Trainee: 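To start, I am sharing the structure in question, which I have written as structure tokens.
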Number of protein chains: 4
Amino acid sequence: MSRLARGPDGGRPEASRQQLVTIAIDCFARHGFQGSSIDRIAKAAGVTKGALYYHFRDKEDLLLEAVQNRIGEFERHVVEAVAASEDAQERLKRVVDACFFTATASNHRRFIITLMVEALDTNPRLSDKFRMVLRRMRGFLADVVTAGQRRGTLRTDVAAADAAALIAGTIMGAEIQHYQDPNEVDLRRVLDAHLQQLADWLARPAGTAA
Amino acid sequence: MSRLARGPDGGRPEASRQQLVTIAIDCFARHGFQGSSIDRIAKAAGVTKGALYYHFRDKEDLLLEAVQNRIGEFERHVVEAVAASEDAQERLKRVVDACFFTATASNHRRFIITLMVEALDTNPRLSDKFRMVLRRMRGFLADVVTAGQRRGTLRTDVAAADAAALIAGTIMGAEIQHYQDPNEVDLRRVLDAHLQQLADWLARPAGTAA
Amino acid sequence: MSRLARGPDGGRPEASRQQLVTIAIDCFARHGFQGSSIDRIAKAAGVTKGALYYHFRDKEDLLLEAVQNRIGEFERHVVEAVAASEDAQERLKRVVDACFFTATASNHRRFIITLMVEALDTNPRLSDKFRMVLRRMRGFLADVVTAGQRRGTLRTDVAAADAAALIAGTIMGAEIQHYQDPNEVDLRRVLDAHLQQLADWLARPAGTAA
Amino acid sequence: MSRLARGPDGGRPEASRQQLVTIAIDCFARHGFQGSSIDRIAKAAGVTKGALYYHFRDKEDLLLEAVQNRIGEFERHVVEAVAASEDAQERLKRVVDACFFTATASNHRRFIITLMVEALDTNPRLSDKFRMVLRRMRGFLADVVTAGQRRGTLRTDVAAADAAALIAGTIMGAEIQHYQDPNEVDLRRVLDAHLQQLADWLARPAGTAA
DNA sequence: TATGAATGAGGATTCATTCAT
DNA sequence: GATGAATGAATCCTCATTCAT
């Protein structure tokens, strides 16, 4: 019996599959797609390559599953976080906090961002998936902004879509800089500055009618 | 005589070396470092692998030369652009425009950003180089901001370093989204929104003393 | 099932690994280390290069395993041969015979000697290994001589270490000449002459006290 | 003008050719034939590969020339040394001394021995050459022995050819051990022991008629 | 004489993938 | 479910050799 199957689930089918995905995520996050050989993942999981091929059709299948998994979790996390508030600025802050959390508590945001860039032009299937992810993210942010504009807490002369692209991009850009130079770029501090920036920028100018 | 040497330079020594770099940049930009096999680059250049190895010690050497080349050009471009103005907001606009230009007129910004992310954890030497690049970029932006603050055209209650990290990150984030989904993300439009955002955010509040 | 596994061992695990070593020894003996490409060895074994890399980390690993293997066998052979006798001259003869046997019945001595010379300055790790081999061999021969001197059957005014180096060297030199020119140099005959030489040289002069 | 041509010969044709050979010998001696790339030799000589190809048809041609050169010098050296004496034992000593000299004053003996072993089965043309070299050497030694036997200074019940093979082999074997383990094997000491061994072994037994 | 540029074959190594057991 | 053995294509790199200038 493999090391994995002896986990808390006691060998229940699907248990080890899920754990393989978890370990694969870690590997991909650390070394990228091309840098994570099947053998490396298998060794990290304490199984043989054959076991991976029993569970996943091929390497891309494993990757897609891993991505799906993390994206799903992240999006659920964001949706939940935002649901708890009605105020637009507060909701944007919660989105940013969710990103910060996923970026630092685990390396899952890094996993996503790294792979997304690596997938550009390299892997159409994966690229499509990420394109959809970012579209959803922007759509989600745009909805938050639009809602705020309707409620009168955000200025209305800024296109929601542009704001969404800017917010999503700024968070990603901050993360990349942090991943690349953690000593110089304090992610929390930069994201807080971004929130301040958003507050100043999107606030309804004083004396404007709601 | 090789195909390359028959170019407009008519066989001038060093010409083919430079053209190899140019072609390599293209390849790296499109497929990343790992995705660009030496053979692929050689074929794109119409020479054999051996020719590449005649000019460059190894694949990393070629990459480093390419990066050096592009970074240098880009930085020179930015410095020149900024020198032409004294106003902080105007200067920031010029930086953004330089990025836009390098991102669209050629694929050189894409080359840099793609490789930078790929290098994370993968290639320490290259990663170091990019770390320095971004530090210089942030330092440069911070200087622009600080100067604006001293002149009284920018608000002083924002840390220049934070503003610099935000600007650099936002540009990168906008570009990535554009590379990934050109139909949905209009880079010019997003960058313009960013400039507007900067203008609103960094402007000295009305009624404040210079 | 691979060609190898169909051998007399009938597919017993580890069988093919051992057979790969055997074939590699042959190849190395005939063409040296640099002259034996992995492909050549693989072809000789009827497997693909990948199979070799499945069993051995790299070419040097294969070589080291092969050397270890042959050296071990040879040394065991020598020790056993010598154990069967008490007389110094007889024991030296047995050492020489063991060398003759390994030189002619198989090509294993040739394998060792060829690689030893090739390793000079070329491969430090291998060179170290061979250095130790020869030290053990000389140490062993010196012990035999010293024992003979103590028992009074060998003259005592010859340093055992010098005798050991001479014997080891003479055997090696004879073998090399034989490998190089088998028609002109009859190994058995030369080694017999050497034994005679040793007998005459090391014999306790008549009329000397034991 | 190349570095070589500026030597003491002042650019006289054939001068640089000879110097190329000298440098090649050094390279071959240090790294063996396979370990000495044309580029390496060219760099060591301060010229380009093309220059080597101007002077020598191919790498083997260069090697052969180098070997020829060293062999010739060595053999001349031996012949001269021996000519100075009439006594067999003394002449053998001079041969041994010549080997010692060429082994230590330069690395030329090492060059020869290393290549000879490397050439076994690897390079028929070179192997032939070395076969002839050793035949000449053995023939020469046998002549010395035979002459000594005729003169009555050496015992006659030893076949001259066998003695020659033994002497040649012992010297080579001593050298190899020394090259491999210079700290443990003092070449001078071992060769002296060999001379002593020869003296004892080949001496005409007391009381035998000349 | 000699160089610089280039070729092309070969060699070590990696890796996704397959498959009998 | 999982393993061990093996494949074969791809990849990086080296090197002897050629040739126009």
Side-chain angles (χ1 to χ4, degrees), chain A residues 1-5 11 13 16-17 34 36-42 47-60 62, chain B residues 1-5 11 13-17 20 34-42 46-62, chain C residues 1-5 11 13-17 20 34-42 46-60 62, chain D residues 1-2 4-5 11 13 16-17 34-42 47-62:
Chain A
M1 190 184 290
S2 88
R3 246 171 66 188
L4 279 176
S16 66
R17 189 172 207 276
Q34 312 219 47
S36 303
S37 72
I38 286 283
D39 211 24
R40 195 175 208 165
I41 298 171
V47 297
T48 56
K49 282 182 285 189
L52 280 178
Y53 276 93
Y54 177 79
H55 286 292
F56 307 94
R57 199 162 28 74
D58 56 16
K59 196 183 166 188
E60 197 182 315
L62 172 57
Chain B
M1 191 182 290
S2 88
R3 243 173 70 186
L4 279 176
E14 288 303 298
S16 71
R17 190 174 206 276
L20 287 178
Q34 310 217 51
S36 303
S37 75
I38 284 284
D39 209 24
R40 194 178 210 159
I41 298 172
V47 297
T48 57
K49 282 179 287 184
L52 279 177
Y53 280 96
Y54 175 76
H55 288 291
F56 308 95
R57 201 161 27 73
D58 56 17
K59 199 182 163 189
E60 198 180 314
D61 187 34
L62 172 57
Chain C
M1 191 184 288
S2 88
R3 241 173 72 185
L4 278 176
E14 289 303 298
S16 71
R17 189 174 205 276
L20 288 178
Q34 310 216 51
S36 301
S37 76
I38 285 284
D39 210 26
R40 194 177 210 162
I41 299 172
V47 296
T48 57
K49 283 180 284 185
L52 279 177
Y53 279 94
Y54 176 76
H55 287 291
F56 307 93
R57 203 163 23 74
D58 55 17
K59 198 181 164 188
E60 197 180 315
L62 172 56
Chain D
M1 189 183 290
S2 86
L4 279 175
S16 66
R17 190 171 206 276
Q34 312 220 45
S36 302
S37 73
I38 287 283
D39 211 25
R40 195 175 208 163
I41 298 172
V47 298
T48 56
K49 282 182 287 189
L52 280 179
Y53 277 92
Y54 177 77
H55 286 292
F56 307 93
R57 199 162 26 77
D58 56 17
K59 196 183 166 189
E60 198 182 314
D61 187 33
L62 172 57

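Each chain gets a letter, A, B and so on, in the order its sequence line appears, and its residues count up from 1. Source: prediction; values computed, not measured.
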Trainee: Map every base of DNA chain F to its dot-bracket character, where paired means a Watson-Crick or G-U wobble contact with both distances under 3.5 Å and | marks a partner outside the strand.
Mentor: .||||||||||||||||||||
Trainee: Below 3.5 Å is the cut-off: list the nitrogen or oxygen pairs between protein and nucleotides 12-16 of chain E, distance only.
Mentor:
residue: E:dA12; atom: OP1; partner: C:K59; partner atom: NZ; Å: 2.9
residue: E:dA12; atom: OP2; partner: C:I38; partner atom: N; Å: 2.8
residue: E:dT13; atom: OP2; partner: C:Y53; partner atom: OH; Å: 2.6
residue: E:dT13; atom: OP2; partner: C:K59; partner atom: N; Å: 3.0
residue: E:dT13; atom: O5'; partner: C:Y53; partner atom: OH; Å: 3.4
residue: E:dT13; atom: O4; partner: C:K49; partner atom: NZ; Å: 3.4
residue: E:dA16; atom: OP1; partner: A:K59; partner atom: NZ; Å: 2.9
residue: E:dA16; atom: OP2; partner: A:I38; partner atom: N; Å: 2.7

Trainee: So, using side chain to side chain contact (heavy atoms under 4.5 Å, CB included) as the criterion, who are the partners of B:S37 when residues are at least two apart?
Mentor: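 Only B:D39, B:R40 meet the side chain to side chain contact (heavy atoms under 4.5 Å, CB included) criterion with B:S37.
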Trainee: How many angstroms lie between CD1 in C:I38 and CG in C:D58, if you round to the nearest 0.5 Å?
Mentor: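 Reported value, rounded in 0.5 Å steps: 8.0 Å.
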Trainee: If you round to the nearest 0.5 Å, how far is CZ of B:R57 from CD of B:E60?
Mentor: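 B:E60 CD to B:R57 CZ: 8.0 Å, rounded to 0.5 Å.
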Trainee: When you measure from the side-chain N and O atoms of B:S16 to the phosphate of E:dA6, is any distance below 4.0 Å, counting only OP1 and OP2?
Mentor: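 Yes.
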Trainee: Could you tell me which residues satisfy side chain to side chain contact (heavy atoms under 4.5 Å, CB included) with C:F56, sequence neighbours excluded, listed by chain and number?
Mentor: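 By the side chain to side chain contact (heavy atoms under 4.5 Å, CB included) rule, C:F56 matches C:R17, C:L20, C:V21, C:L52, C:D61, C:L62, C:E65.
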Trainee: What distance do A:Q34 atom CD and A:K59 atom NZ have between them, rounded to the nearest 0.5 Å?
Mentor: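 Result: 7.0 Å between the selected atoms.
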Trainee: If each of B:T48 and D:A51 is mapped to the nucleotide of DNA chain E with the nearest heavy atom, which maps nearer the 5' terminus, i.e. the 5' end?
Mentor: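 The residue closer to the strand's 5' end, by nearest nucleotide, is D:A51.
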Trainee: Could you state the CZ-C1' distance from D:R17 to E:dA2, rounded to the nearest angstrom?
Mentor: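 Result: 15 Å.
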Trainee: For F:dG4, take OP1 and OP2 only and decide whether either is under 4.0 Å from a side-chain N or O of C:H55.
Mentor: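 No, C:H55 has no side-chain N/O under 4.0 Å of OP1/OP2 on F:dG4.
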Trainee: May I have the distance from B:R40 (atom CZ) to F:dC12 (atom C1'), rounded to whole angstrom?
Mentor: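 So the CZ-C1' distance, B:R40 to F:dC12, works out to 15 Å.
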Trainee: Nearest whole Å is fine: how far is F:dC12 C1' from B:Y54 OH?
Mentor: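 Taking OH of B:Y54 and C1' of F:dC12, I get 20 Å after rounding.
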Trainee: Take atom CG of A:L52 and atom P of E:dT18, then tell me their distance rounded to the nearest Å.
Mentor: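 Spelled out: CG on A:L52 to P on E:dT18 is 14 Å.
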Trainee: Identify, with sequence neighbours excluded, every residue that meets side chain to side chain contact (heavy atoms under 4.5 Å, CB included) alongside C:S36.
Mentor: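 Per chain and number, C:S36 pairs via side chain to side chain contact (heavy atoms under 4.5 Å, CB included) with C:C27, C:F28, C:H31, C:I41.
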